[in-house]
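Single-structure report; data block below.
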2 protein chains.
Amino acid sequence: MIDNQNTPETAVKQDELRLEKFLPYRLSVLSNRVSNAISQAYGARFHLTIPAWRVMAILGRFPDLSAAELVEQTAMDKVAISRAVSSLLKNDYITRSEDPADRRRQVLNLSELGREVYARIVPLAQQYENDLIASLSSEEREQLDGIIEKLLVRAKEWSERGLIDE
Amino acid sequence: MIDNQNTPETAVKQDELRLEKFLPYRLSVLSNRVSNAISQAYGARFHLTIPAWRVMAILGRFPDLSAAELVEQTAMDKVAISRAVSSLLKNDYITRSEDPADRRRQVLNLSELGREVYARIVPLAQQYENDLIASLSSEEREQLDGIIEKLLVRAKEWSERGLIDE
DNA sequence: GTACAGTGGTTACAATTGAAACCAATGTTA
DNA sequence: TAACATTGGTTTCAATTGTAACCACTGTAC
């Protein structure tokens, strides 16, 4: 429908932006498609939102965390964590206990039920990841790993040290 | 704060998910950080949301599109496009004219002002992209390009043909 | 012609999200 | 000890987003 012939690969004006090749845009499309697909898979089965599943995924690996430590681990904001935690408590997927040493702090863990759900979702998630990278060679997978790591470092610097030029 | 020593690279239990290495998660964190940083840069200066800027970016390259064609190009949904278009009209960043051949269809274009803004944002966006990939070698940049393309194809198949196993 | 399906686009309403205000407990300074 | 800043976490309210219903117009079948 859209005539592309006037913008051949070899001659792009510098003052034009080829959105379909613009990395931030491609990352956004890719990430949204992937997250939506996966969350449909487990969301329907276990009534989990993306933030809630993330909290479970972290607690599955690192027990005895507080909400603040979850914030630190996930880069999610504290309100999102708070809501995810309260919905997980309603589902009985996690437990919460007071820290006697600091009565503001509340220690979170997967419940028995939560561990069961976790154990069922993990292979599902891994299956999606495997399917996603199925068309990559093993060299490409290693390359991707290193590249993403570098990009994450850079993007984190932006959020910590402020933006370019400012 | 979190003790990582009990999960060395070399020995990960298969029934655990190392979220910080899980590709969908990393993509999400990366994409959010990048989009937020960039949109802060142009959003503050030009009162543009991410969807609105995307519409401008497409119209800057492909004039005379209708809203439906924007949907096709961007993979955004039609409501988001409609809202972006109406806010851009308010800003006088785009123009809208009826298609005499089909009175439902409305043809969109950057206005004079819109072209000026576009011309100022494009280098800004490119600067961010360059900064993001600054730590990649030129080989890595090419690798990334090809890899993302493959991943996008796969993820698109998910959204078109339904999920794995279903 | 009139019916009726399909398309372009907007509106309405509910769910999700984010920013800021807030409460309670702790730490720090004097 | 009293004052005040800090931290952990929740609530409130407004902005953003997604789904579905909707209106206007077009194309096709009869």
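Chain letters run A, B, ... following the sequence lines, proteins first and then strands; every chain starts at 1.
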Under 4.0 Å protein heavy-atom contact, by nucleotide of nucleotides 18-29 of chain C - B base, S sugar-phosphate only: BBB---BBS---
Report, one line per pair, each donor and acceptor closer than 3.5 Å where one atom sits in a side chain of residues 47-58 of chain B; sequence neighbours left out.
from     : atom 1 : to       : atom 2 : distance (Å)
Thr49(B) : OG1    : Ala52(B) : N      : 3.2
Arg54(B) : NH2    : Ser28(A) : OG     : 2.9

The criterion is side-chain contact (heavy atoms from CB on, under 4.5 Å); which residues satisfy it with [X], sequence neighbours excluded?
| X | answer |
| --- | --- |
| Arg104(B) | Asp102(B) |
| Ala80(B) | Met76(B), Asp77(B) |
| Glu149(B) | Lys21(A), Arg26(A) |

Touch class at under 4.0 angstrom, heavy-atom based, for Ser66(A) against every strand present: sugar-phosphate
For Arg33(A), all residues meeting salt bridge (charged side-chain N to carboxylate O under 4.0 Å, His left out), sequence neighbours excluded: none
Contacts of type salt bridge (charged side-chain N to carboxylate O under 4.0 Å, His left out), residue Glu140(B), not counting sequence neighbours: Lys150(A)
What integer distance in Å separates [X]:[atom1] from [N]:[atom2]?
| X | N | atom1 | atom2 | value |
| --- | --- | --- | --- | --- |
| Met76(B) | dG9(C) | CE | C1' | 14 Å |
| Arg105(A) | dT6(D) | CZ | C1' | 16 Å |
| Asp99(B) | dG8(C) | CG | C1' | 11 Å |
| Ile81(A) | dT16(C) | CD1 | C1' | 16 Å |
| Asn36(A) | dT17(D) | CG | C1' | 12 Å |
| Leu70(A) | dT7(D) | CG | C1' | 16 Å |
| Leu65(A) | dG9(D) | CG | C1' | 15 Å |
| Asn32(A) | dG18(D) | CG | P | 9 Å |

Close residues, residues 22-31 of chain A, relative to DNA chain C [heavy-atom separation under 4.0 Å]: none
Positions of residues 85-98 of chain A (non-hydrogen atom under 4.0 Å from DNA chain C), listed by number: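 Residues of residues 85-98 of chain A under 4.0 Å from DNA chain C: none.
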N or O in side chain of Ser82(A) less than 4.0 angstrom from dG9(D) OP1/OP2: no
side-chain hydrogen bond (donor to acceptor under 3.5 Å, both in side chains) contacts touching residues 113-125 of chain B (sequence neighbours left out): Glu112(B)-Arg115(B)
Under 3.5 Å donor-acceptor pairs involving side-chain atoms of residues 81-92 of chain B, not counting sequence neighbours:
from     : atom 1 : to       : atom 2 : distance (Å)
Ser86(B) : OG     : Arg83(B) : O      : 3.2
Ser87(B) : OG     : Ala84(B) : O      : 3.2

Partners meeting side-chain hydrogen bond (donor to acceptor under 3.5 Å, both in side chains) with Gln143(B) (sequence neighbours left out):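 side-chain hydrogen bond (donor to acceptor under 3.5 Å, both in side chains) list for Gln143(B), sorted by chain: empty.
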Nearest-0.5 Å distance, CZ of residue Arg96(B) to CD of residue Gln106(B):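 Atom-to-atom, Arg96(B):CZ and Gln106(B):CD are 4.5 Å apart.
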Spacing of Arg154(B) atom CZ and Leu151(B) atom CG [to the nearest 0.5 Å]: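 Reported to 0.5 Å precision, the distance equals 10.5 Å.
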